[in-house]
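What follows is a short report on a single structure.
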Amino acid sequence: MRVGFVGLGIMGQPMALNLVRAGRSLVVWNRSADRCEPLREAGAEVVGEVDEVFARAEVVIVMLAGEAAIDAVLERGAPGFARKVAGRTLVHMGTTSPGFSHGLEADVRAAGGHYVEAPVSGSRGPAEAGELVAMLAGEPEAVERVREVVGPMCAKVVECGPAPRALLMKLAVNVFLITTVTGLAESFHFAEHHGLDLVKLVDVLDSGQMSSRVSRAKTAKLLAADFGAQAAISDVLMNNRLIAGAARAAGVASPLLDVCLELFARTEELGHGKEDMAAVVRAIRERTDALGPDAPGAGQRPV
């Protein structure tokens, strides 16, 4: 079975590479052609038009940034949409609103195709290592077909029932992720303003019960002031907005997420949207600076 892969961004490229390295026959397309070169070198077939992916593959994975990009690439609402998806299984692996996914599933099935929602938990590092966690939702037969396809990209695959339950699960997971990393950034900020040894802070955190792969990765970034993106501020902000929207639609309170949304939005406004999510510490620092020189402890603040 030949698989297509559309969207070779910060996550998509390493995910597709893992499929090729596992021996999967893969045909790929990306709007920026240079992102395809590592796939070509690894043995994937690179095509110049997205229609060629659908013409050659039975299962097509879409890993695109945002709903507008998905609709544009699929030509949703135009005759080209049915030509692409009829008789094929479309696998939506990006993160969108659950409502968008539910509507896309209806359109795919009406056009004679199959649809599986397959968002993943993890950032660039786990994507490179093939250690993502995939959440699958859709028709049982299509889900079973896709489970075998996505296996080389993942440490675990969890079936969540009908769509959009996989995306709702992804958003629930991201509540924990976003609030955890924001809390970690605030912990660093608190420590630096009290003149603590940040290396020792990292040692305590990494050695204790709160340690995790995420915390270890982000403490290293905060300590080194290395904000090269594993999960970028702008992407996390998009996820945060999706969670807040889903919460509002269901009448669910999300007090911690609402504060995080403000902080990530401000970090993006400050010009750091392409930096790693740990850079949310910049917005926290700005709030401290806004307290002014007369605030308690102001003289202890680092430059």
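Hydrogens, waters and symmetry mates play no part in the numbers below; they use all other heavy atoms, side chains included.
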Just distance, no hydrogens or angles: give the donor-acceptor pairs under 3.5 Å from side chains in residues 60-67, sequence neighbours left out.
| residue | atom | partner | partner atom | Å |
| --- | --- | --- | --- | --- |
| E67 | OE2 | S97 | N | 2.9 |
| E67 | OE2 | S97 | OG | 3.0 |

Heavy atoms, side chains only, cut-off 4.5 Å: are C260 and E262 in contact? no

Side-chain heavy-atom pair F227, K274 within 4.5 angstrom cut-off: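 Side chain of F227 against side chain of K274, heavy atoms only: no contact under 4.5 Å found.
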
Answer yes if [X] and [Y] sit in the same cluster of Ile, Leu, Val, Met, Phe, Trp and Tyr residues linked by side chain heavy atoms under 4.5 Å apart, and no otherwise.
X	Y	result
L184	I284	no
L132	V3	yes
L263	V236	yes
M11	V157	yes
M277	V281	no

Give every residue pair that meets the salt bridge (Lys or Arg N to Asp or Glu O under 4.0 Å) criterion with at least one member in [range], sequence neighbours excluded.
range	result
residues 145-154	R24-E148, R147-E159
residues 88-98	none
residues 276-285	E192-R285, K218-D276, E275-R282

Flag if over 12 foreign heavy atoms under 6.0 Å of CE, M1: yes

Is it true that, when you exclude E286 itself, more than 12 heavy atoms of the residues, nucleotides or ligands shown sit nearer than 6.0 Å to its CD?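 Yes, enclosed.
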
By salt bridge (Lys or Arg N to Asp or Glu O under 4.0 Å), which residues pair with [X], not counting sequence neighbours?
X	answer
E52	R56
R213	E131
E58	none
R35	none

Any ring pair (Phe, Tyr, Trp, His ring centres under 6.0 Å) pairs touching residues 92-116, not counting sequence neighbours? none

Inter-residue atom distance [X].[atom1] - [Y].[atom2], 0.5 Å rounding:
X	Y	atom1	atom2	result
I10	D235	CD1	CG	7.0 Å
S187	L205	OG	CG	5.5 Å
T288	H189	OG1	NE2	2.5 Å
F188	T219	CZ	OG1	5.5 Å

Indicate every side-chain donor-acceptor pair of residues 72-84 with a distance under 3.5 Å to a residue at least two apart or in another chain.
| residue | atom | partner | partner atom | Å |
| --- | --- | --- | --- | --- |
| E75 | OE2 | K84 | NZ | 2.4 |
| R76 | NE | D107 | OD2 | 2.8 |
| R76 | NH1 | D71 | OD1 | 3.1 |
| R76 | NH2 | G103 | O | 3.3 |
| R76 | NH2 | D107 | OD2 | 3.0 |
| K84 | NZ | D51 | OD1 | 2.7 |

Check residues 160-180 and write down every donor-acceptor pair under 3.5 Å in which the side-chain atom is one partner and the other belongs to a residue at least two apart or another chain.
| residue | atom | partner | partner atom | Å |
| --- | --- | --- | --- | --- |
| K170 | NZ | T95 | OG1 | 2.7 |
| K170 | NZ | V120 | O | 3.0 |
| N174 | ND2 | N239 | OD1 | 2.8 |
| T179 | OG1 | V175 | O | 2.7 |
| T179 | OG1 | F176 | O | 3.3 |
| T180 | OG1 | F176 | O | 2.6 |

Presence of salt bridge, R216 and D206, under 4.0 angstrom: no

Main chain of V59, side chain of T89: is a donor-acceptor contact present, judged purely on distance under 3.5 Å? no

Would you check if the side chain of S215 reaches a backbone N or O of S212 as a donor-acceptor pair within less than 3.5 Å? yes

ring-ring contact (aromatic ring centres under 6.0 Å, His included) partners of F190, counting only residues at least two apart: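 So F190 forms a ring-ring contact (aromatic ring centres under 6.0 Å, His included) with H194.
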
